[in-house]
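Contents: one structure, followed by commentary.
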Amino acid sequence: MNVTDAIKSRRTYRAYKPDLIPDDELRELIDIARWSPSNTNTQPWHFAVVSGKPLRDLENELLKHIMSGGQQNPAFEPSSVPLKGVHKERQYDCANRYYGTMGIKREDKNARNMLALKNFQFFGAPHAAFLSMPADMNHTNSLDLGIFLQSFMLLLTERGMASCAQGALAMYPDPIFKVADIPEGNAIVCGISFGYADDTAKINETRMIRAKLEDVASFVS
Ligand SMILES: Cc1cc2nc3c(=O)[nH]c(=O)nc-3n(C[C@H](O)[C@H](O)[C@H](O)COP(=O)(O)O)c2cc1C
């Protein structure tokens with residue numbers, strides 16, 4: 001598989017087989033992803049992997065925390081300005097495709113909330129990782145973490161594995177810090193669940209589209 005194939009065939013999977021990725025292969029993938037570029041080579045990323053039983057324990061803790069009224073307290077606040085125009089339309093389209101695959105109507109808030117909770121069950125994946133950087137860094141540095149994340153996702157694709165990047169995993173950091181080995185002073189930017197896709201799961205039939213080239217790029221020559 002070349003880079004073009006990996007970019008075009010990677011997509012988000014939200015149901016997994018229980019099988020663990022062999023430990024040496026997982027370490028190899030992260031070892032390759034660390035060659036991602038970063039601003040002035042700062043490499044601000046830290047990738048804290050949690051697998052198997054500790055991940056299922058974390059899932060239980062997160063669900064308990066959320067169900068008992070734990071409030072969201074992400075280190076990096078999402079924008080307070082609501083999405084507008086074409087970005088709002090794309091967000092709607094994303095939600096409609098996702099809920100549509102699962103036969104959930106937009107007005108069925110309860111079903112949507114239940115689906116959203118799957119984020120904190122790591123969609124049944126055997127592995128999750130939490131991408132963090134020093135808490136006093138900002139959006140400029142988080143760009144580097146995004147590049148690292150894409151490198152890792154493409155490597156998984158190349159090896160026939162699957163992933164779901166998850167901004168949601170930055171929302172309730174407290175239970176995560178108790179389990180994941182995250183450096184002191186770091187804050188979680190986002191997470192990722194990964195493993196081998198369950199190709200029989202309905203949820204994995206979700207397909208997203210992309211804006212046209214002329215809508216996202218311009219050329220002056
Ligand atoms: C930074 C980032 C955060 C994301 N957060 C979530 C999330 O919290 N939950 C989720 O189900 N999907 C999440 N996604 C997946 C996106 O919804 C998905 O990438 C997008 O709809 C395009 O679909 P595709 O990955 O199948 O091409 C996230 C993706 C990225 C890149």
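Start at 1 and go down the list; that is how both ligands and their atoms are numbered. Note that the coordinates shown come from a computational prediction; the quantities given were computed from them, not determined experimentally.
Under a 4.0 Å heavy-atom criterion, C190 is not in contact with ligand 1. Under a 4.0 angstrom heavy-atom cut-off, R207 registers as lying outside contact with ligand 1. For K118, the closest heavy-atom approach to ligand 1 does not fall below 4.0 Å.
Protein heavy atom at the shortest distance from atom 9 (N) of ligand 1 is N119 OD1, 2.9 Å. For atom 12 (N) of ligand 1, the closest heavy atom belonging to the protein is R14 NH2, 3.2 Å. Atom 3 (C) of ligand 1 has G167 N, 3.4 Å as its closest protein atom, hydrogens excluded (heavy atom only). For atom 20 (C) of ligand 1, the nearest non-hydrogen atom of the protein is M208 CG, 4.3 Å. Atom 27 (O) of ligand 1 has R210 NH2, 2.8 Å as its closest protein atom, hydrogens excluded (heavy atom only).
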Worked verdict on H127 versus M161 for side-chain contact (heavy atoms from CB on, under 4.5 Å): CA-CA 12 Å; H127 306 275; M161 300 170 202; over 6 Å; no

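Close contacts between ligand 1 and C164 involve ligand atoms 10 (C), 11 (O), 12 (N) [criterion: under 4.0 Å to a heavy atom]. Near R10, meaning under 4.0 Å from any of its heavy atoms, are these atoms of ligand 1: 24 (P), 25 (O), 27 (O).
No hydrogens or angles considered: a donor-acceptor pair under 3.5 Å links the side chains of Q91 and K88.
You'll find the side chain of E28 reaches within 4.5 Å of the side chain of R159, heavy atoms only. In this structure, N39 and N141 have side chains that are not in contact, with every pair of non-hydrogen atoms separated by 4.5 Å or more. For the pair Y98/I104, no side-chain contact is recorded, criterion being any heavy-atom separation below 4.5 Å from C-beta on.
Counting only distance, with no hydrogens or angles, the side chain of R10 and the backbone of D5 share no donor-acceptor pair below 3.5 Å.
For K8, no heavy-atom contact with ligand 1 is shorter than 4.0 Å.
Pairing each heavy atom of M137 with each of P44, the nearest pair is SD-CB, 3.6 Å.
Comparing A168, A116, A165, C94 by heavy-atom distance to atom 6 (C) of ligand 1, the nearest is A165. In this comparison of I203, T206, T12, the heavy atom closest to atom 18 (C) of ligand 1 sits on T12.
Cation-pi contact between R11 and Y13: present, with separation from the ring centre below 6.0 Å and deviation from the ring axis of at most 45°.
Taking the charged nitrogens against the carboxylate oxygens, K178 and D174 have no contact shorter than 4.0 Å, which rules out a salt bridge.
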